[in-house]
Amino acid sequence: MVCTETYILSRTQFLSLSNNIPPKNTDLNVRFYEHGWLPLLKRCKSMEEFKQVHAHILKLGLFWDHFCGSNLVATCALAKWGSMEYACSIFRRIEEPSSFEYNTMIRGNVNCMNLEEALILYVEMLKKGIEPDNFTYPFVFKACSLLGALKEGMQIYSHVFKAGLEGDLFLQNSLISMYGKCGAIEHARDVFDKMSERSVASWSAIIGAHASAEMWHECLKLFNDMMHDGRYRPEESTLVSVLSACTHLGSPNLGSSVHGILLRNTTELNVIVKTSLIDMYAKCGCIEKGLCVFHSMAEKNKHSYTVMISGLAVHGCGSEALRIFAEMLEQGLAPDDVVYVGVLSACTHAGLVNEGLEFFNRMQFEHKIEPTIQHYGCMVDLMGRAGMLREAYELIKSMPRKPNDVLWRSLLNACKVHHNLELGEIAAENIFMLNPHNPGDYLVLANMYARAQKWVDMAKIRTEMVRKGLVQTPGFSLVEVKRRVYKFVSHDKSQPHFHSIYAMIHQMEWQLKFEGYIPDTSQVLLDVDEEEKRQRLKYHSQKLAIAFALIHTSEGSPIRIFRNLRMCNDCHTYTKFISMIYEREITVRDRNLFHHFKDGACSCKDYW
DNA sequence: TCCCAATGAA
């Protein structure tokens, strides 16, 4: 019971409430509402305050008012400070609970991730003969979607028809989300297509469904359809899915326009939206814009720090990433395994070897995080980069879990860079045992043999590739010029103005030679003479893309290139020279990191 | 007279 000396709500407030009794009206409903209990309940800011109000209500005998009980349950179950246990104890004292109380309890349980409990309550409802209504199903479907319980969800959908609620807009929207989350995209699509009436939420749900299915182009298409319809104003949740599509498609221009739509449609962007923006900018190569959004955030959480740190990591900004990690710790946010992947890879890409080794220890012993296979991968990269190949090999062997092919591939790559054929062979053998279908691995090994002039071994590997029917994935480079994306493959002559591009290449080469560039033919695996090898190198897709961009963009503007494969040594050196000669910043996104070429140097410090 | 749907990281 309430103790009059310690209550939190003002004394006069309580006195005035107590003075209002007995009520003028004997009707209980009027009594509960007339005396201002509802606003008082809504004003509760903590469990303490709530318990006091609850105590007063009990003392005054108001609890038996039907609406009083349901409002108590609703407040306690749904407030941030609430308690499901306490709400349940109140709920169980209501003699004849209606669908309203059940809905509230189901919703509360879904919010605290007691998903089975939510479904049990739904079943209990059915057993007691209380009819679920249009409010019940959205919560129940949400529980199913969080459980990934597609079958159960579909079964429950059949109840909807019995209740004649299949036309309800909210219900259909939740159904789309459930299908989306459970990976039943065609079902989601089917519901969406058959809707007689839609809201923004319907669009958000269907766009989100395609985002979780990683159908990025479809996401953008749907968003476009929605905007063209003209009746809907996009919401933050809609745009988060669209941003995700921009991120995965690597389109900073699209992403920026979504940013613009956000700013035009909402006053203050929430944490989730801002986090998605940072991630989008970082992954699209615009790390400065990502930092800008990050610094503009009043409220940051674990996710925000994680995307910022791993964003900086792939851009080779290691020390900046570590500074932000320190800030995260200062804020009292506990680091988890994901943020440590970012921290360790930041150390790797910036060549901060000692720091990386130290963080690997701190993670385990100070923050008690078991290293996952990703962490080991970062460490192998880190040691490999520093030339500590033996140590990396020992680390892999000492792992408590079975190493995967990705890990061995890191070692193989390190061996390639440091020309250690002996360990390279071991790494390759392990890769071939775990995954014999990746042509790139065979090529790296063949390359290493070629470099060591072991032609017989090289030929063996090539034969092996042919025998397995493995063909090298064709490499391509994408470059965006005047809002259009152009794709180049090696020796490409499909562009309408390819003559001017080839002429540009000749001009560039003349200047490159003047500056001291020597073509590195060591990675050309053809049995041809040196001159032929040089000819092969000359028209690699990245070089064509750079030439094209140099012709068609204004002087001094940055060039952004995306490629599907790692670049060869020669393209790397070549691009460094070009960035100096033409005074351009060139950003190339590789399979796993960004290379920022500027003034003749690359942010990866020549390790990739 | 109270309760609906959606969103972020390796």
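To find a chain, count down the sequence lines: A is the first, B the second, and so on, and within it residues start at 1. Here the structure is a predicted model, which is why all the values come from computation and not from measurement. Values below: all heavy atoms of this structure, side chains included; hydrogens, waters and symmetry mates excluded.
- For A:K181, no side-chain nitrogen or oxygen approaches OP1 or OP2 of B:dA6 to under 4.0 Å.
- Relative orientation of the A:F325 and A:F359 rings is perpendicular, given thresholds of 30° and 60° on the angle between their planes.
- Regarding A:I130, its CD1 atom lies at a distance of 20 Å from the P atom of B:dC3, rounded to whole Å.
- Ranking B:dG8, B:dA5, B:dC4 by closeness to the A:R107 side chain, first place goes to B:dC4.
- The side chain of A:S310 lies closest to B:dA10, out of B:dG8, B:dA6, B:dA10.
- Counting only heavy atoms from C-beta on, A:D336 has its side chain closest to B:dA9 among B:dA10, B:dT7, B:dA9.
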Go through it in stages, so that I can follow the logic: the residues are A:K45 and A:E49, the test is salt bridge (charged side-chain N to carboxylate O under 4.0 Å, His left out), and I'd like the CA-CA distance, side-chain angles, deciding distance and then a yes or no. CA-CA 7 Å; A:K45 290 270 173 340; A:E49 291 180 0; over 6 Å; no
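- Aromatic ring centres of A:H159 and A:Y137: separated by at least 6.0 Å.
- Here the side chains of A:Y376 and A:P400 are in contact, with some heavy-atom distance below 4.5 Å.
- Applying the 5.5 angstrom centroid cut-off and the 30 degree plane-angle cut-off, the aromatic ring of A:F135 is stacked upon the base of B:dC3.
- Distance from the side chain of A:F139 is smallest to B:dA5 among B:dG8, B:dC2, B:dA5.
- Between the side chains of A:E101 and A:S98, at least one donor N or O sits under 3.5 Å from an acceptor N or O.
- The separation between A:F170 atom CZ and B:dA6 atom P is 11 Å, rounded to whole Å.
- Comparing B:dA5, B:dG8, B:dT7 against the side chain of A:N270 picks out B:dT7 as the nearest.
- Atom pair A:K300:NZ and B:dG8:P shows a separation of 21 Å (rounding to whole Å applied).
- Side-chain atoms of A:T247 and A:D279 include no donor-acceptor pair closer than 3.5 Å.
- A:S199 comes within 4.0 angstrom of a base, heavy atoms only.
- Base contact: A:V271 has a heavy atom under 4.0 Å from a base atom.
- Picking from B:dC4, B:dT7, B:dA9 the nucleotide with the shortest atom distance to the side chain of A:K283 gives B:dA9.
- In the set B:dG8, B:dA6, B:dA9, the nucleotide with an atom closest to the side chain of A:S177 is B:dA6.
- A:A201 comes within 4.0 angstrom of a nucleotide base, judged by non-hydrogen atoms across all strands.
- For A:T275 and B:dG8, a side-chain-to-base donor-acceptor distance below 3.5 Å is present, hydrogens and geometry of angles not being considered.
- The side chain of A:S174 lies closest to B:dA5, out of B:dA6, B:dA5, B:dA9.
- Among the heavy atoms of the strands, none lies under 4.0 Å from A:K274.
- For the residue pair A:H367 / A:Y340, a side-chain donor-acceptor distance below 3.5 Å is found, with atom types taken as modelled.
- Considering only side-chain atoms of A:Q374, the nucleotide from B:dC2, B:dT7, B:dA10 that sits closest is B:dA10.
- The distance between atom NZ of A:K302 and atom P of B:dG8, rounded to the nearest whole Å, is 15 Å.
- Atom C1' of nucleotide B:dC4 and atom OH of A:Y102 are separated by 19 Å, given to the nearest angstrom.
- Between A:K42 and B:dT1 there is no side-chain N or O to OP1 or OP2 distance below 4.0 Å.
- Rounded to an integer number of Å, the gap from A:F100 CZ to B:dC2 P is 9 Å.
- Within 4.0 Å of A:N103, counting heavy atoms only, lies at least one base atom of the nucleic acid.
- Across the protein-nucleic acid pair, A:I207 atom CD1 and B:dT7 atom C1' stand 12 Å apart, rounded to whole Å.
- Following rounding to the nearest Å, A:D133 (CG) and B:dT1 (C1') show an atom-to-atom distance of 15 Å.
- With B:dA9, B:dA5, B:dG8 as the candidates, the nucleotide lying closest to the side chain of A:V338 is B:dA9.
- Residue-level contact check: A:S204 touches neither bases nor backbone, having no heavy atom under 4.0 Å from any strand.
- The residue A:D168 sits apart from the nucleic acid: no heavy atom pair falls under 4.0 Å.
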